[in-house]
Amino acid sequence: MPKILLEAQINKPFDHWVGVFDADKDDQLANGFTPIYRGHKLDDPNTVVVLMEGDPSKLEPFMSQPEKAKLIEEAGHIAETTKVTVLSD
């Protein structure tokens with residue numbers, strides 16, 4: 001299974017963002033995404049990084065669902081800053 005590396009800017013404190021991200025784990029798993037790591041750049045707590053396993057072709061539809069987009073925004077994730085890199089397994 002390929003790995004997906006996401007990097008994005010947040011406009012709320014990291015502790016808030018990570019709380020929302022972690023609370024959504026059951027939905028992530030139910031949609032085929034297994035989080036491996038989530039954190040922030042050591043020198044920039046406003047840049048979050050997520051590594052997960054999953055089907056890259058399903059990521060945008062998952063994140064674009066209206067209720068998911070609202071959750072992402074509430075978490076402080078600035079959607080237009082999201083960079084996605086697909087890695088080999």
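One-based numbering along the sequence shown. In this text the structure is predicted, and so the values were computed from the model without any measurement.
In this structure the side chain of T82 never reaches within 4.5 angstrom of the side chain of E60, judged on heavy atoms. Side-chain atoms of I4 and L59, non-hydrogen and from C-beta on, do get closer than 4.5 Å to each other.
Note: the hydrophobic cluster containing L6 does not contain V49 (ILVMFWY, side chain heavy atoms under 4.5 Å, direct or indirect links). Both L5 and I36 are part of a single hydrophobic cluster, where members link through side-chain heavy atoms under 4.5 Å apart.
Residues I10 and H77 share a closest heavy-atom pair of CG2-CA, 3.9 Å. Here the closest non-hydrogen pair linking P35 and L29 is CD-CD2, 4.2 Å.
Just one of Q9, K41, H40 meets the side-chain hydrogen bond (donor to acceptor under 3.5 Å, both in side chains) condition when paired with T47; it is Q9. When each of F33, F21, Y37 is checked for a side chain to side chain contact (heavy atoms under 4.5 Å, CB included) with V50, only F21 meets the rule.
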| said: Please determine whether side chain to side chain contact (heavy atoms under 4.5 Å, CB included) holds for the pair V20 and K12, giving the CA-CA distance in whole Å, both sets of side-chain angles, and the decisive distance to 0.1 Å. | reply: CA-CA 11 Å; V20 174; K12 293 188 178 177; over 6 Å; no
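Within the model, atoms CG of L87 and CE of M52 stand 12.0 Å from one another, a figure rounded to the nearest 0.5 Å. Separating the CD1 atom in I78 from the CG atom in N11 is a distance of 4.5 Å, to the nearest 0.5 Å. Atom-to-atom distance recorded for N31:CG and Q65:CD is 6.0 Å, nearest 0.5 angstrom.
Note on residues 42-57: pairs passing salt bridge (charged side-chain N to carboxylate O under 4.0 Å, His left out), not counting sequence neighbours, are K3-E53.
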When the side chains of residues 66-75 are checked against the rest of the protein, which donor-acceptor pairs come out under 3.5 Å, sequence neighbours left out?
residue, atom, partner, partner atom, Å
K68, NZ, D24, OD1, 2.7
K68, NZ, D24, OD2, 2.8
K68, NZ, D27, OD2, 2.6
E74, OE2, H16, NE2, 3.4

